[in-house]
J.: 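First, the structure itself, so that you have it in front of you.
What you see is a predicted model; the values in this text were computed from it and never measured.
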Amino acid sequence: DGNMASDRSDSAAPLLAGCALWKQGAEARIYRGKFLGRAAVVKHRFPKRYRHPQLDEKLTRRRTVQEARAALRCRKAGISVPVVYFVDYTTHCIFMEDLVGSITVRDHIVTTQQSGDNPESLGGLADEMGRILAKMHDEDVIHGDLTTSNMLLRNGSEGPGADLVLIDFGLSYTSALPEDKGVDMYVLEKAFLSTHPNTESLFQQLLNSYTAASKKAPAVIKKLDEVRLRGRKRSMVG
Amino acid sequence: HRRLELFPEYSVTQMLFTDVKNAAALRKSAMEGQINGALINPAMLVDPFQALVAANKAVHLQKAGKMKTRSLLSEIIFNLSPTNNISEAFRRFGMSDGDGAVHVVTVHPREDMSDVDTILARVEGRQVPVGEISTFTDVPGIKKLYKVTPSEEKCGSLLEAVVCRMAVKDVV
Ligand SMILES: Nc1ncnc2c1ncn2[C@@H]1O[C@H](COP(=O)(O)O)[C@@H](O)[C@H]1O
């Protein structure tokens, strides 16, 4: 864990000096450290050399802004997302609450499936995911990149009433259109079924819970069906 | 007092006073630059962490040349507010002349406690531990000002609601 950030060459280096690199993504690096005494995760959207500098700056700034905005919008609606502590819009760093001890929904599903002892226990989690996504869409927040890696289980909680926390809102935006919500669910479906084989009925359970939780859901599911059909037609074009 | 991790050359010291008798004179001294401390109405603070977040952001914006107000101290007070209205921020979060309690936040070089000593000498009042700030907190007033919803309180504390708004107010 001696991978300290002090050797960084760009302008965020001073801010990250006390943090340790934890995860490296294509879009951002995730660090763990302290913010004013509290356990914090720092998400640094670093400059992309392959992009035109001004365009890169604009895109990166937008993602940082979207992430911060969506966090507040979700929390106001009672949807758990990490608390944002501090945002540096000049180096594109977000300092947020570290959900210490949490695991991704992805890891939880994989482990449960591998152990094979109680796959039905995932049903309660699917229900909870459906409910939270319905609530998020009722606030007209479109996540933009729904996957089981972008949902955390706080302190390893699971089952009904699981403490689900949504993360990674960098591609989020607001829209009331059922089409946008349908695409959001389609992205999740694709990611879900490819990451977790043989979970068609589990995902259907998620959709049922989503539908039961919101009056606006039927219009979204109708769009989801249309998007699926389009996807299938396109795949046949080859 | 604690060091700012992100700006290790600075420390933030917080002091809480009650039974204050010279609020008006203190405010005048602060405006004339004789004391180097942000004078905050403790009723608007949930926790000392809230003031630290405001101070950290003020130091950051000063270094980046992006402060919205004219001094680091006024920037700390401005950062506490959920809105971008500067005069409102001062009215709500700054100490008023008749106040009997004050929370003082000062940012100083790590080793240099002279500003702290000056403040301790100037305030005519009784110092209490900053950990007692919650006994001064106007919870209903804060909920109203920051527009904290009941559903939000289900997924987090009042302090978290407040800190989140302070952190993202520039872009909402
Ligand atoms: N606030 C957080 N607390 C704990 N883990 C996090 C947090 N944010 C991100 N992570 C982890 O970092 C990974 C990448 O984050 P992200 O780039 O936001 O998708 C996630 O899949 C989580 O495992």
J.: For atom CZ of A:R106, decide whether the heavy atoms of other residues, nucleotides or ligands shown that lie under 6.0 angstrom number more than 12.
T.: no
J.: What I want to check is whether the side chains of A:D184 and A:H137 have a donor and an acceptor closer together than 3.5 Å.
T.: yes
J.: Let me confirm one number: the OH-OG1 distance from A:Y89 to A:T60, rounded to the nearest 0.5 Å.
T.: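 Interatomic distance, A:Y89 OH to A:T60 OG1, rounded to 0.5 Å: 14.0 Å.
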J.: Quick check on the structure: residues of residues 75-84 of chain A within a heavy-atom distance below 4.5 Å of chain B, by number.
T.: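 Under the 4.5 Å heavy-atom cut-off, A:R75, A:K76, A:A77, A:G78, A:I79, A:S80, A:V83, A:V84 qualify.
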J.: Given heavy-atom pairs under 4.5 angstrom as the criterion, report whether the side chain, backbone, both or neither of A:F95 touches chain B.
T.: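 Contact with chain B: side chain only.
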J.: How about B:H103 and B:F136: are their ring centroids closer than 6.0 Å?
T.: no
J.: Mark yes or no for whether A:S209, through its side chain, and A:D127, through its backbone, hold a donor-acceptor pair below 3.5 Å.
T.: yes
J.: Examine distances only and state if a side-chain atom of B:T118 and a backbone atom of B:S114 form a donor-acceptor pair shorter than 3.5 Å.
T.: yes
J.: Give the interface residues of residues 166-178 of chain A toward chain B, defined by a heavy-atom separation under 4.5 Å.
T.: none
J.: I need the contact set between residues 153-167 of chain B and chain A: heavy-atom distance under 4.5 Å, sorted by residue number.
T.: B:C155, B:G156, B:L159, B:E160, B:V163, B:C164, B:R165, B:A167
J.: Under 30°, 30 to 60°, or over 60°: which ring-plane class applies to A:F35 and B:F49, parallel, tilted or perpendicular?
T.: perpendicular
J.: Can you see whether B:Y146 has B:K143 sitting over its ring - NZ or CZ less than 6.0 Å from the centre and within 45° of the normal?
T.: no
J.: Return the option, out of B:V53, B:D170, B:N56, with the maximum number of heavy-atom pairs under 4.5 Å with chain A.
T.: B:N56
J.: Give a yes or no answer on whether the side chain of B:T137 reaches the backbone of B:V139 with a donor-acceptor pair at less than 3.5 Å.
T.: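 Here the side-chain-to-backbone pair does not exist.
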J.: Strictly distance-based, threshold 3.5 Å: is any side-chain N or O of B:Q50 a donor or acceptor partner for the main-chain N or O of B:M44?
T.: yes
J.: Regarding A:T147 and A:D145, do their side chains bring together a donor and an acceptor under 3.5 Å, going by distance alone?
T.: no
J.: I'd like a table of donor-acceptor pairs (distance under 3.5 Å, sequence neighbours excluded) in which one partner is a side-chain atom from residues 12-25 of chain A, with atom names and distances.
T.:
residue	atom	partner	partner atom	Å
A:Q24	OE1	A:R29	NE	2.9

J.: Examine distances only and state if a side-chain atom of B:E124 and a backbone atom of B:N22 form a donor-acceptor pair shorter than 3.5 Å.
T.: no
J.: Please answer whether the main-chain N or O of A:A28 pairs with a side-chain N or O of A:K43 as donor and acceptor at a distance below 3.5 Å.
T.: no
